*Asks:* 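My questions will all concern the structure given below.
Proteins come first, then strands; the chains are lettered A, B, ... in the order of their sequence lines, and each starts at number 1. Remember, it's a predicted structure, so these values are computed and weren't measured experimentally.
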There are 2 protein chains.
Amino acid sequence: MKQLKQRSDCPISSALDIIGDKWSLLIVRDIMMNGKNTYNEFLKSVEKIATNVLADRLTMLEATGIITKEEHPESKAKIYYKLTEKGIDLLPVLIELILWADEYLPVSKSAVAYGKVLKKDKAGITKQMMAALKKANK
Amino acid sequence: MKQLKQRSDCPISSALDIIGDKWSLLIVRDIMMNGKNTYNEFLKSVEKIATNVLADRLTMLEATGIITKEEHPESKAKIYYKLTEKGIDLLPVLIELILWADEYLPVSKSAVAYGKVLKKDKAGITKQMMAALKKANK
DNA sequence: AAAATTAACTTGCTTTTTGCAAGTTAATTT
DNA sequence: AAATTAACTTGCAAAAAGCAAGTTAATTTT
């Protein structure tokens, strides 16, 4: 696995030591916003993560306490990945990334629309989503 | 240079295509919060970025419109790197990373203290910092 | 005014990470 | 019983990161 070392005690740097890559936050996104919870569901995302990289990221997200592996309620062949509270608390980071991308990068129509809604009541929507995620996670 | 391609039209993915790595946001941080503006100042940061990686990231941050290169006011030997508005608008992302790291990762005492202050009036402090950065940037 | 230093890179090389295709094993479905 | 699905692992090539040393122009020191 990609080794986990802290480059400094700066909070930004420390956060990036864990989630500063192209894939980790997409897995968090898929669980948080796209209702995905299994390896194969993550694999099917449009961004096409490589199988070994996905396995690696899942291991490290679990090791850092962002996700947990659980028994899948419907099948023993599946593993149910879910966010921990630490993982759910990444929501505000994702929200800010969405707002920034929405302002400056070419994104889908639906993302633009969602950005507009978000912008009007960022704090409220974030709070509400966070509460829903935490409630559903119990 | 690291090539820039959009993996999808998802805003989170698109943002990560640009700043989803271990170094880009540290350069933004150094300009935004640590008063650094030159190659050698970036090199001296505690996280110890490699010289070629720094050169690469500066090129790509400029190519994506997050920073600009300007004449240094004091010396022709130096280059003055500054944030664009697009770069300044990454402040909320950095703020959320700080808050998350502050809550879940081992960070410096001063970062913990700053996090507490931030938490009390996130929106207000962000707004004020943003205004100060944009004003200073004119 | 020559020599040393500084600033911003570049180059070459090794190590690490990513990407891709194929293979494995257990559980589930046909 | 055979085929499929789910979650990985393995092997290998390509890309990126890390490290040390070198280059060039500007600036400072002697």
*Asks:* Less than 4.5 Å apart, side chain to side chain, heavy atoms only: is that true for B:Lys69 and B:Tyr80?
*Replies:*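 No - every pair of side-chain heavy atoms lies 4.5 Å or more apart.
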*Asks:* Got a sec: does the NZ of B:Lys82 have more than 12 other heavy atoms crowding it under 6.0 Å?
*Replies:*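 More than 12 heavy atoms, drawn from other residues, nucleotides or ligands, come within 6.0 Å of this atom.
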*Asks:* Taking NZ in B:Lys116 as the centre, count heavy atoms belonging to other residues, nucleotides or ligands within less than 6.0 Å. Is the count above 12?
*Replies:*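 Open.
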*Asks:* B:Ser8 side chain to B:Ser14 main-chain N or O, any donor-acceptor pair under 3.5 Å?
*Replies:*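 Absent.
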*Asks:* Give the residues of residues 40-50 of chain A touching DNA chain D, defined as any heavy atom closer than 4.0 Å, sorted by residue number.
*Replies:*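 Nucleic-acid contacts, sorted: A:Asn40.
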*Asks:* Does A:Glu103 come within less than 4.0 Å of B:Lys86, counting only side-chain N to carboxylate O?
*Replies:*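 Salt bridge: no.
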*Asks:* Counting only heavy atoms from other residues, nucleotides and ligands, does the tally under 6.0 Å from NZ of A:Lys134 exceed 12?
*Replies:*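 Counting neighbours around NZ of A:Lys134, more than 12 heavy atoms of other residues, nucleotides or ligands fall under 6.0 Å, so yes.
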*Asks:* OP1 or OP2 of C:dT17 less than 4.0 angstrom from a side-chain nitrogen or oxygen of B:Lys22, does that happen here?
*Replies:*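 No, no such contact exists.
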*Asks:* Please give, in whole Å, the distance from D:dA7 P to A:Glu70 CD?
*Replies:*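 Computing the A:Glu70:CD to D:dA7:P distance gives 14 Å.
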*Asks:* With no hydrogens and no angle check, is any side-chain donor or acceptor of B:Lys22 less than 3.5 Å from a backbone partner on A:Leu16?
*Replies:*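 Checked: pair present.
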*Asks:* Specify the residue among A:Leu58 and A:Asn52 whose closest nucleotide of DNA chain D lies further upstream toward the 5′ end.
*Replies:*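 First, find each residue's nearest nucleotide; the 5'-ward one identifies A:Leu58.
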*Asks:* Minimum heavy-atom separation for A:Thr126 to A:Leu91, with atom names?
*Replies:*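 Taking A:Thr126 first and A:Leu91 second, the nearest heavy atoms are O-CD2, 3.7 Å.
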*Asks:* Any donor and acceptor pair, going by atom type alone, linking the side chain of B:Asp21 with main-chain N or O of B:Trp23 inside 3.5 Å?
*Replies:*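 The answer is yes, because a donor-acceptor pair under 3.5 Å joins these two groups.
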*Asks:* Which range-with-range stems can be found for DNA chain C when each stem has 3 or more Watson-Crick or G-U pairs in a row and both distances sit under 3.5 Å?
*Replies:*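 DNA chain C forms these stems: C:1-30 with D:1-30.
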*Asks:* One character per nucleotide, please: for nucleotides 21-30 of chain D, 5' to 3', B when the base has a protein heavy atom closer than 4.0 Å, S when only the sugar-phosphate does, - otherwise.
*Replies:* B----SS---
